[in-house]
Asks: 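Pasting a structure below so you can have a look.
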Amino acid sequence: MVYVPGSGQSLASFDDSAESPGRAARALYDEAAGLGPGTAVIGWLGYDPPDLVNLEIATIWPADRGARRLRSFLSMLPRHVRISLVCHSYGSVVCARAVAGSPVHDLIVTGSPGLGVRRVSDLHTSARIWAALGGGDDVFRSGLLIGPFGFGTDPVSAEFGARVLDGGDARHHTYLRPGTRTLTEITHIAVRGRERAA
């Protein structure tokens with residue numbers, strides 16, 4: 001499992017919040033331990049996430065740069081293992097730009113502004129696409145997509161075509177907080193490829 005964080009993250013903030021790469025990867029690993037012994041979780045920060053004050057945050061340009069590095073990283077993973085991407089906020093744009101042609105089984109996005117496309121089929125991947133948006137998440141989802149500007153259709157909308165997960169009352173930075181139902185659900189999909197049985 002590979003976790004890709006969103007905007008504002010850096011090596012200096014690697015362990016600062018539930019959605020930072022270090023803490024998120026540990027939370028996913030601890031949750032996965034009971035589901036799939038031997039599951040490895042990587043907190044990946046191989047790109048330079050844009051800050052909220054950077055105008056590029058409204059474009060796919062940083063995502064495209066990150067996607068090239070993420071594809072390269074994924075290509076080095078063993079082919080016999082099950083690979084899931086768990087991607088938060090702007091990191092979901094990076095993952096969406098990287099998933100075509102990558103050995104990914106499931107792409108799970110949380111708090112996403114959009115994946116840079118209008119519908120799932122535009123991602124050109126056989127990976128299953130899952131999306132969660134919490135009731136307390138105020139991430140901006142304009143639906144705009146004009147050239148490199150905007151991120152396209154809201155991933156949790158019916159017209160986009162993703163498998164929608166119940167985000168509960170999660171706020172933008174609490175999807176992977178230990179003890180939350182969203183962490184459990186996301187990990188179950190990442191490890192087993194399906195939602196947890198009710």
Asks: If you round to the nearest 0.5 Å, how far is CG of L45 from CZ of F14?
Replies: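 If I round to the nearest 0.5 Å, the distance is 6.5 Å.
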Asks: Could you measure the distance from the CH2 atom of W61 to the CD atom of E56? Nearest 0.5 Å is fine.
Replies: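 That separation rounds to 6.5 Å.
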Asks: Counting only N and O atoms by type, is there a donor-acceptor contact under 3.5 Å from the side chain of E19 to the main-chain atoms of G6?
Replies: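 Not confirmed, E19 side chain does not pair with G6 backbone.
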Asks: Specify whether Y90 and F151 have parallel, tilted or perpendicular ring planes, treating 30° as the upper limit for parallel and 60° as the lower limit for perpendicular.
Replies: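 If you compare the ring of Y90 with that of F151, the planes turn out perpendicular.
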Asks: Are F160 and V120 close enough that some pair of their side-chain heavy atoms sits under 4.5 Å apart?
Replies: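 Result yes, sub-4.5 Å side-chain heavy-atom pair found.
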Asks: Which residue pairs pass the disulfide (SG to SG under 2.5 Å) test when at least one of the two sits in residues 99-145, sequence neighbours left out?
Replies: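 Residue pairs with at least one partner in residues 99-145: there are none.
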Asks: Heavy atoms, side chains only, cut-off 4.5 Å: are D51 and I57 in contact?
Replies: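 No; the side chains remain at least 4.5 Å from each other.
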Asks: Working to the nearest 0.5 Å, report the span between CD of E195 and CD of E185.
Replies: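 Output value for this atom pair is 6.5 Å.
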Asks: Got a sec, which pairs hit disulfide (SG to SG under 2.5 Å) with one end in residues 88-169, sequence neighbours left out?
Replies: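 Output for this query lists C87-C95.
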Asks: Could I get the full list of side-chain contact (heavy atoms from CB on, under 4.5 Å) partners for V139, not counting sequence neighbours?
Replies: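 V139 satisfies side-chain contact (heavy atoms from CB on, under 4.5 Å) with P113, L133, D137, R141, H172 only.
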Asks: In chain order, what residues pass the side-chain contact (heavy atoms from CB on, under 4.5 Å) check against A190, with sequence neighbours excluded?
Replies: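 A190 satisfies side-chain contact (heavy atoms from CB on, under 4.5 Å) with M1, S84, V86, I108 only.
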Asks: First locate atom CG of L74, then atom CG of L85, and finally report the distance between them rounded to the nearest 0.5 Å.
Replies: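 Separation between the atoms: 5.5 Å.
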Asks: Is I42 reachable from Y29 through a run of I, L, V, M, F, W or Y residues, each pair having side-chain heavy atoms under 4.5 Å apart?
Replies: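 They do not share one cluster, since no chain of ILVMFWY contacts under 4.5 Å joins Y29 to I42.
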Asks: If you look at every heavy atom in T110 and H88, which pair is closest and at what distance?
Replies: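 Between these two residues, the closest heavy atoms are OG1-CD2, 3.3 Å.
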Asks: Do R181 and D166 sit within salt-bridge range, that is, some charged N less than 4.0 Å from a carboxylate O?
Replies: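 D166 and R181: salt-bridged.
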Asks: Suppose the criterion is side-chain hydrogen bond (donor to acceptor under 3.5 Å, both in side chains): which pairs have a residue in residues 100-109, not counting sequence neighbours?
Replies: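 Listed once each, the pairs are R82-D106, D106-R128, D106-W130.
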Asks: Should V4 and Y175 be counted in the same cluster of Ile, Leu, Val, Met, Phe, Trp and Tyr side chains packed under 4.5 Å apart?
Replies: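 Shared cluster, no.
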Asks: Can any side-chain N or O of S112 pair as donor or acceptor with the backbone N or O of G114 at less than 3.5 Å?
Replies: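 Answer holds: yes.
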Asks: Count the heavy atoms of every other residue, nucleotide or ligand shown that sit under 6.0 Å from CG of D169, and state whether that count exceeds 12.
Replies: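 For D169, atom CG is not crowded (no more than 12 foreign heavy atoms under 6.0 Å).
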Asks: Can V2 be reached from L28 by stepping across I, L, V, M, F, W or Y side chains whose heavy atoms are under 4.5 Å apart?
Replies: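 No, L28 and V2 fall in different hydrophobic clusters.
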Asks: Check for me, please, whether V109 and Y47 land in the same ILVMFWY cluster - side-chain distances under 4.5 Å, paths through other members count.
Replies: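 V109 and Y47: one cluster.
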Asks: When T180 is tested against each of L176, T182, T184 for side chain to side chain contact (heavy atoms under 4.5 Å, CB included), which residue passes?
Replies: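 Of the listed residues L176, T182, T184, the side chain to side chain contact (heavy atoms under 4.5 Å, CB included) partner of T180 is T182.
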Asks: According to a 4.5 Å side-chain heavy-atom criterion applied to Ile, Leu, Val, Met, Phe, Trp and Tyr, with indirect links allowed, do V104 and Y3 form part of one hydrophobic cluster?
Replies: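 Hydrophobic grouping puts V104 apart from Y3.
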Asks: Can you confirm whether D15 is buried at CG, in the sense that more than 12 heavy atoms of other residues, nucleotides or ligands lie under 6.0 Å from that atom?
Replies: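 Atom CG in D15 is packed in, count exceeds 12.
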Asks: More than 12 non-hydrogen atoms from neighbouring residues, nucleotides or ligands closer than 6.0 Å to CZ on R192, yes or no?
Replies: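 Yes, because the 6.0 Å sphere around CZ of R192 holds more than 12 heavy atoms from other groups.
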Asks: Looking at F73, I'd like to know if its CZ atom is crowded, meaning that more than 12 non-hydrogen atoms belonging to other residues, nucleotides or ligands lie closer than 6.0 Å.
Replies: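 Yes, CZ of F73 has more than 12 neighbouring heavy atoms, counting only those of other groups under 6.0 Å.
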Asks: Rounded to the nearest 0.5 Å, what separates atom CZ in R97 from atom OG in S92?
Replies: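 One finds 11.5 Å between CZ of R97 and OG of S92.
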Asks: Going by side-chain heavy atoms closer than 4.5 Å, which hydrophobic residues are tied to L145, directly or by a chain of links?
Replies: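 L145 shares its hydrophobic cluster with no other residue.
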Asks: Can you tell me how far apart CD (E31) and CD1 (I186) are? Round to the nearest 0.5 Å.
Replies: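 Result: 10.0 Å between the selected atoms.
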